[in-house]
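Step one of this worksheet: look at the structure below.
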Amino acid sequence: RPVAALQSLFKPPQSLQGAGAEAQSFNLGPAIALVVIGLVMTNTMRDGRTILRSDAGETASLFAVMSHNQQISRAETFRSADMTAVMGHSELDLRQTTIAPNEEAQIEVFALMGATTIRVPEGWTVVIRTVPIMGHAKDSRRGARDLPGSPKIVVRGLVVMGGLNI
């Protein structure tokens, strides 16, 4: 019987006959389904799901949807990364790695109503080539930066209603 009750929620109600005019009928099923999905996701995210990894690979890939994904790179030579945050937070810490001399590392970023954070050692050169739409991309490091001959990172991507922080 519970299955029949659930199925009846997703069927449009019978049209009512009024004084010569038909009343409109509508389907509440999709609206109810969205509310249930939202409640389930809210309860799952209440504990604050955080993924923390330490990796020695030359590349990094971070993906966070309504969660927090944090990675510390311990690579001998860091080359590239791709970071995605959809209503979540991706955080990449490069303070324990290096970049090969005369090379630059590439980081691709996509943030949709989320945040991405890249932590780099003091003195590194960071070039931001992102497109922020109703969001921001900022380098708020303190101390020495962009020193001659320092390792270089180029950050490219799209930030929509979110943020990129260096």
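Only heavy atoms go into these numbers, but all of them, side chains included; no hydrogens, no water, no symmetry mates. Just so it is clear, the model here is predicted, and its values are computed rather than measured.
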Does [X] reach the side chain of [Y], with side-chain heavy atoms less than 4.5 Å apart?
{"X": "Ile118", "Y": "Asn165", "result": "no"}
{"X": "Trp124", "Y": "Ile99", "result": "yes"}
{"X": "Thr125", "Y": "Leu147", "result": "no"}
{"X": "Val154", "Y": "Arg129", "result": "yes"}
{"X": "Val155", "Y": "Thr130", "result": "yes"}
{"X": "His68", "Y": "Glu91", "result": "yes"}

When rounded to the nearest 0.5 angstrom, what is the spacing between [atom1] in [X] and [atom2] in [Y]?
{"X": "Phe63", "Y": "Asn69", "atom1": "CZ", "atom2": "CG", "answer": "9.5 Å"}
{"X": "Arg95", "Y": "Arg74", "atom1": "CZ", "atom2": "CZ", "answer": "11.0 Å"}
{"X": "Phe78", "Y": "Glu58", "atom1": "CZ", "atom2": "CD", "answer": "10.0 Å"}

task = Answer yes if the side chains of Ser90 and Thr116 hold a donor-acceptor pair under 3.5 Å, and no otherwise.
result =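 No, because no side-chain N or O of Ser90 sits under 3.5 Å from a partner of the opposite role on Thr116.
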inquiry  = Looking only at the side chains, is there a donor atom on one of Gln106 and Glu108 sitting less than 3.5 Å from an acceptor on the other?
reply    =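 No, no side-chain donor-acceptor contact under 3.5 Å.
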Do the side chain of [X] and the main chain of [Y] share a donor and acceptor less than 3.5 angstrom apart?
{"X": "Ser150", "Y": "Gly123", "result": "yes"}
{"X": "Thr59", "Y": "Ala81", "result": "no"}
{"X": "Asp139", "Y": "Arg141", "result": "yes"}
{"X": "Arg79", "Y": "Glu104", "result": "no"}

request  = Considering non-hydrogen atoms only, spot the tightest contact between Pro132 and Ala137 and give its length.
outcome  =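 For Pro132 versus Ala137, the nearest heavy atoms are CB-N, 4.5 Å.
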request  = Kindly work out whether a path of hydrophobic side-chain contacts (I/L/V/M/F/W/Y, heavy atoms less than 4.5 Å apart) joins Met161 to Leu158.
outcome  =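 Hydrophobic grouping puts Met161 with Leu158.
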inquiry  = Is there a path of hydrophobic side-chain contacts, each under 4.5 Å between heavy atoms of I/L/V/M/F/W/Y residues, joining Leu164 to Val127?
reply    =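 No, separate clusters.
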request  = Identify which one of Leu94, Thr97, Asp93 satisfies the side chain to side chain contact (heavy atoms under 4.5 Å, CB included) criterion when paired with Ile72.
outcome  =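 Only one of Leu94, Thr97, Asp93 forms a side chain to side chain contact (heavy atoms under 4.5 Å, CB included) with Ile72, namely Asp93.
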message = Going by side chain to side chain contact (heavy atoms under 4.5 Å, CB included), Ile107 matches just one of Leu92, Asp82, Leu62. Which one?
response =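 It is Leu92, the one option of Leu92, Asp82, Leu62 that forms the side chain to side chain contact (heavy atoms under 4.5 Å, CB included) with Ile107.
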request  = Assess whether side chain to side chain contact (heavy atoms under 4.5 Å, CB included) is satisfied between Ile166 and Ile128, documenting all intermediate values.
outcome  = CA-CA 9 Å; Ile166 309 292; Ile128 299 175; 3.9 Å; yes
